[in-house]
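Below, each value reflects all heavy atoms present in this structure, side chains not excepted, and no hydrogens, waters or symmetry copies. Counting convention: from 1, in listed order, for ligands and their atoms alike.
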Amino acid sequence: MSRKIILKLEKLNKKYKESVENLHIIRDLDLEIQEGEFISILGKSGSGKSTLLNLIGMLDKPDSGKIFIDGKEVEFLKDKELDKIKNEMLGFVFQFHYLLSEFTAIENVMLPALVGNYKEKEKIKERAYKLLEEMELKDRINHKPMQLSGGEKQRVAIARALMNSPKILLMDEPTGNLDEETSEKIHTILKRINKEKNQTIIVVTHSKELSNISDKKLFLKKGVLNYDENKL
Ligand SMILES: Nc1ncnc2c1ncn2[C@@H]1O[C@H](COP(=O)(O)OP(=O)(O)O)[C@@H](O)[C@H]1O
Ligand SMILES: [Mg+2]
């Protein structure tokens with residue numbers, strides 16, 4: 001069965017303009033990802049993994065090339081429109097959770113859906129509860145970030161990223177700060193949402209365990225992605 005291409009990158013280029021030299025980090029990079037795939041991106045520190053993820057996540061603009069999400073070319077529109085597309089299409093989880101400290105777990109999860117949608121508050125709350133339940137956190141919904149462990153905070157961040165049913169869940173070293181046991185729980189949850197909800201996941205990671213549960217490992221080297229770790 002051929003599946004839908006959910007993400008397509010065409011000849012993507014990104015340079016950072018430093019004083020004398022240009023750092024050409026992403027070089028004519030092509031990529032196609034099918035709906036429901038669980039992809040891990042590996043590579044040495046400084047190879048450009050975060051740069052690539054930020055381009056896909058529309059947190060940064062490429063110098064050239066095209067990005068298609070669900071068949072639509074991402075245009076780098078005005079900030080407000082861009083925010084809307086970003087909010088609806090993509091869920092982002094970073095190494096550090098970025099939860100708002102004044103809000104409880106469930107409020108943090110509700111926030112991305114609440115903006116401009118306040119009338120739907122009860123429905124949104126129900127969905128946030130369901131997501132936290134899936135993250136095995138239903139007895140922590142009223143905890144503030146300070147009252148949660150590192151792994152719990154990261155699971156709240158994942159629930160928040162899933163709140164608007166994103167086409168793609170993007171994660172930049174989501175278990176980079178966590179111990180093995182805590183990470184394992186997150187890996188199990190990610191595998192489950194990938195299988196049960198057909199959630200497309202792209203994760204940048206140094207973790208062998210996490211990359212081993214993905215469908216496909218891609219290695220970023222010299223600005224392009226390879227299937228083979230040893231290929232130049
Ligand atoms: N905003 C920036 N300005 C200039 N150089 C940057 C910037 N962000 C990253 N870089 C450089 O680009 C390279 C790739 O960075 P990054 O994408 O963070 O790598 P990774 O996530 O694989 O460790 C690094 O050499 C880094 O120093
Ligand atoms: Mg990085």
Side-chain angles (χ1 to χ4, degrees), residues 7-33 37-69 74 76 79 82-83 86 89-99 150-151 153-158 160-162 166 168-180 182-183 186-187 190 200-232:
L7 175 74
K8 186 172 170 181
L9 306 179
E10 260 180 28
K11 292 213 172 309
L12 215 57
N13 280 282
K14 179 71 184 175
K15 290 177 187 158
Y16 292 116
K17 291 158 194 78
E18 288 305 289
S19 47
V20 260
E21 266 181 286
N22 270 338
L23 295 172
H24 197 168
I25 304 299
I26 302 296
R27 297 170 177 256
D28 282 339
L29 183 145
D30 292 322
L31 176 68
E32 271 190 11
I33 291 178
E37 273 192 303
F38 186 169
I39 305 288
S40 55
I41 296 177
L42 300 107
K44 288 195 181 127
S45 180
S47 59
K49 304 180 297 299
S50 295
T51 301
L52 176 61
L53 214 63
N54 290 347
L55 293 174
I56 298 172
M58 296 187 250
L59 302 174
D60 199 2
K61 293 176 192 183
D63 295 311
S64 64
K66 289 181 176 176
I67 301 173
F68 299 87
I69 296 174
V74 169
F76 287 87
D79 288 351
L82 192 62
D83 281 348
K86 241 180 347 198
M89 301 257 229
L90 303 161
F92 228 115
V93 178
F94 301 91
Q95 185 167 2
F96 181 72
H97 58 80
Y98 296 111
L99 298 174
K153 276 188 274 221
Q154 209 49 324
R155 280 182 279 145
V156 175
I158 296 170
R160 179 184 56 181
L162 292 172
I168 308 170
L169 178 62
L170 298 166
M171 296 189 281
D172 197 352
E173 304 195 33
T175 53
N177 281 333
L178 306 174
D179 61 61
E180 246 174 69
T182 311
S183 302
I186 293 181
H187 300 164
L190 291 177
T200 311
I201 300 177
I202 303 176
V203 61
V204 163
T205 187
H206 284 117
S207 156
K208 272 213 167 61
E209 289 74 24
L210 180 49
S211 65
N212 281 340
I213 61 160
S214 70
D215 299 327
K216 207 182 268 176
K217 296 181 203 179
L218 296 172
F219 298 88
L220 185 61
K221 201 170 175 181
K222 299 196 172 169
V224 292
L225 288 165
N226 294 300
Y227 289 100
D228 179 353
E229 187 173 5
N230 299 313
K231 206 175 142 191
L232 272 183

Using 30° and 60° as the class limits, which term best fits the ring planes of Phe96 and Tyr98: parallel, tilted or perpendicular?
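The rings of Phe96 and Tyr98 stand perpendicular, inter-plane angle above 60°.
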
What heavy-atom pair brings Leu178 and Gly150 nearest, and what distance separates the two atoms?
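Distance-wise, the nearest heavy atoms are CD2-C, 3.5 Å.
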
Shell of residues surrounding ligand 1, defined by a 4.0 angstrom heavy-atom cut-off that is strict
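Answer by chain and number: Tyr16, Glu18, Leu23, Ile25, Lys44, Ser45, Gly46, Ser47, Gly48, Lys49, Ser50, Thr51.
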
Could you tell me if the side chain of Ile186 sits less than 4.5 Å from the side chain of Ile158, heavy atoms only?
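Yes. Closest side-chain heavy atoms under 4.5 Å.
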
Answer whether the closest heavy-atom distance between the side chains of Leu53 and Phe92 falls below 4.5 Å.
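A side-chain contact under 4.5 Å exists here.
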
Do we see a donor-acceptor contact under 3.5 Å between the side chains of Asn54 and Lys14?
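Not at all, the side chains of Asn54 and Lys14 share no donor-acceptor pair under 3.5 Å.
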
His187 versus Glu209, side-chain donor and acceptor atoms under 3.5 Å:
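No donor-acceptor contact under 3.5 Å links the two side chains.
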
Please list, in chain and residue-number order, the protein N/O/S atoms closer than 2.8 Å to the Mg ion (ligand 2).
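Per the 2.8 Å query on the Mg ion (ligand 2), atoms found are Ser50 OG.
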
Look at Asp63 together with Lys17 and state whether they make a salt bridge at an N to O cut-off of under 4.0 Å.
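Counted as a salt bridge, because a side-chain N and a carboxylate O are separated by less than 4.0 Å.
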
If the threshold is 4.0 Å, N to carboxylate O, is there a salt bridge linking Lys49 and Asp172?
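Salt bridge flag = no for Asp172 with Lys49.
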
Verify side chain to side chain donor-acceptor pair (under 3.5 Å) between Ser214 and Ser40, making sure each step is shown before the conclusion.
CA-CA 6 Å; Ser214 70; Ser40 55; 2.9 Å; yes

